[in-house]
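Heads up: the structure comes next, in structure tokens.
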Amino acid sequence: QVQLVESGGGLVQPGGSLRLSCAASGRTFSDYAMGWFRQAPGREREFVSAVSWSGGNTYYADSVKGRFTISRDNAENTVYLQMNNLKAEDTAIYYCAAYNGGSRWFTRYRNLDEYGHWGQGTQVTVSS
């Protein structure tokens, strides 16, 4: 019902910045709350950030708060993750995900099982 494609990953030095994009197609983008998750080698996929249907509510994992900013442009069917002051521990594959349910999201946005649609992921590597 919605297809997601991430882009913008790459290799960056500690302290650097990247801007990830997730382009959506197939259904009305504004019908979906959106989340970013990441998975490092040997670790479980974890919540990074989420944004509500119109962008009015944003949430962040403690590990990225103050460094990452999530936003969305419904006219362009795209959600973004601006990542500043990157650290080595930010190295992971980053996935965007779309939530196709209702207001339950406001208490469940950290749980990856709540998201019904996932992108293919984009690699972020932070290294000297």
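Residue numbers run from 1 in the order of the sequence given.
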Which residues share a side-chain hydrogen bond (donor to acceptor under 3.5 Å, both in side chains) with Asp62, sequence neighbours left out: Lys65
Criterion side chain to side chain contact (heavy atoms under 4.5 Å, CB included) on Glu46 and Arg38, from CA distance to verdict: CA-CA 5 Å; Glu46 66 176 0; Arg38 67 187 182 186; 2.7 Å; yes
Quick one, Ser128 and Pro14 - any side-chain contact, counting heavy atoms below 4.5 Å? yes
Would you check, one step at a time, whether the test side chain to side chain contact (heavy atoms under 4.5 Å, CB included) holds for Gln3 with Ser25? CA-CA 5 Å; Gln3 295 79 47; Ser25 62; 3.5 Å; yes
Clusters formed by hydrophobic residues whose side-chain heavy atoms approach within less than 4.5 Å: which one holds Tyr109, and what are its other members? Phe37, Phe47, Trp53, Tyr59, Ile93, Tyr95, Tyr99, Trp105, Phe106, Leu112, Tyr115, Trp118
Interatomic distance, Ser7 atom OG to Gln120 atom CD [nearest 0.5 angstrom]: 8.5 Å
Gln82 CD to Arg19 CZ distance, which is reported to the nearest 0.5 Å: 7.0 Å
Sequence neighbours excluded, which residues qualify as side-chain contact (heavy atoms from CB on, under 4.5 Å) partners of Ala40? Arg43, Ala92
What residues form a salt bridge (Lys or Arg N to Asp or Glu O under 4.0 Å) with Asp31, not counting sequence neighbours? Arg27
Thr125 vs Gln123, test: side chain to side chain contact (heavy atoms under 4.5 Å, CB included). Steps then yes/no. CA-CA 6 Å; Thr125 302; Gln123 177 71 49; 3.4 Å; yes
Once salt bridge (Lys or Arg N to Asp or Glu O under 4.0 Å) is applied, do any residues pair with Glu6, and if so which ones, sequence neighbours excluded? none
Is there a donor-acceptor pair under 3.5 Å between the side chain of Ser52 and the backbone N or O of Asn57? yes
Among all residues two or more places apart in sequence or in another chain, which pass the side-chain hydrogen bond (donor to acceptor under 3.5 Å, both in side chains) test with Arg110? none
Set of salt bridge (Lys or Arg N to Asp or Glu O under 4.0 Å) partners for Arg72, sequence neighbours left out: none
Sidechain-backbone polar pair: Thr122 side chain, Gly9 backbone, donor-acceptor under 3.5 Å: yes
Do any N or O atoms from the side chain of Asn111 and from the backbone of Asp113 form a donor-acceptor pair under 3.5 angstrom? no
Decide yes or no for His117 and Gln1: does some side-chain heavy atom of the first lie under 4.5 Å from some side-chain heavy atom of the second? yes
The remaining residues in the hydrophobic cluster of Leu4, counting side-chain heavy-atom contacts under 4.5 Å among Ile, Leu, Val, Met, Phe, Trp and Tyr, are Val2, Val12, Leu18, Leu20, Phe29, Tyr32, Met34, Trp36, Val48, Val51, Tyr60, Val64, Phe68, Ile70, Val79, Leu81, Met83, Leu86, Tyr94, Val124, Val126
Measure the CG-OG distance between Asn84 and Ser17 for me, rounded to the nearest 0.5 Å. 3.5 Å
For Ser63 and Ala61, indicate whether the former's side chain and the latter's backbone hold a donor-acceptor pair under 3.5 Å. no
Looking only at heavy atoms, what is the nearest atom pair of Ala23 and Thr78, with distance? CA-OG1, 4.2 Å
I'd like to check the salt bridge (Lys or Arg N to Asp or Glu O under 4.0 Å) partners of Arg67; sequence neighbours left out, ordered by chain and number. Asp90
Kindly state each residue pair satisfying disulfide bond (SG atoms under 2.5 Å apart) with at least one member in residues 99-128, sequence neighbours excluded. none
Do other residues, nucleotides or ligands put more than 12 heavy atoms under 6.0 Å from the CD atom of Gln13? no
Scan residues 14-121 for pairs that pass disulfide bond (SG atoms under 2.5 Å apart), counting only residues two or more places apart or in two chains. Cys22-Cys96
Counterpart residues, ring pair (Phe, Tyr, Trp, His ring centres under 6.0 Å), relative to Tyr80 (two or more places apart): none
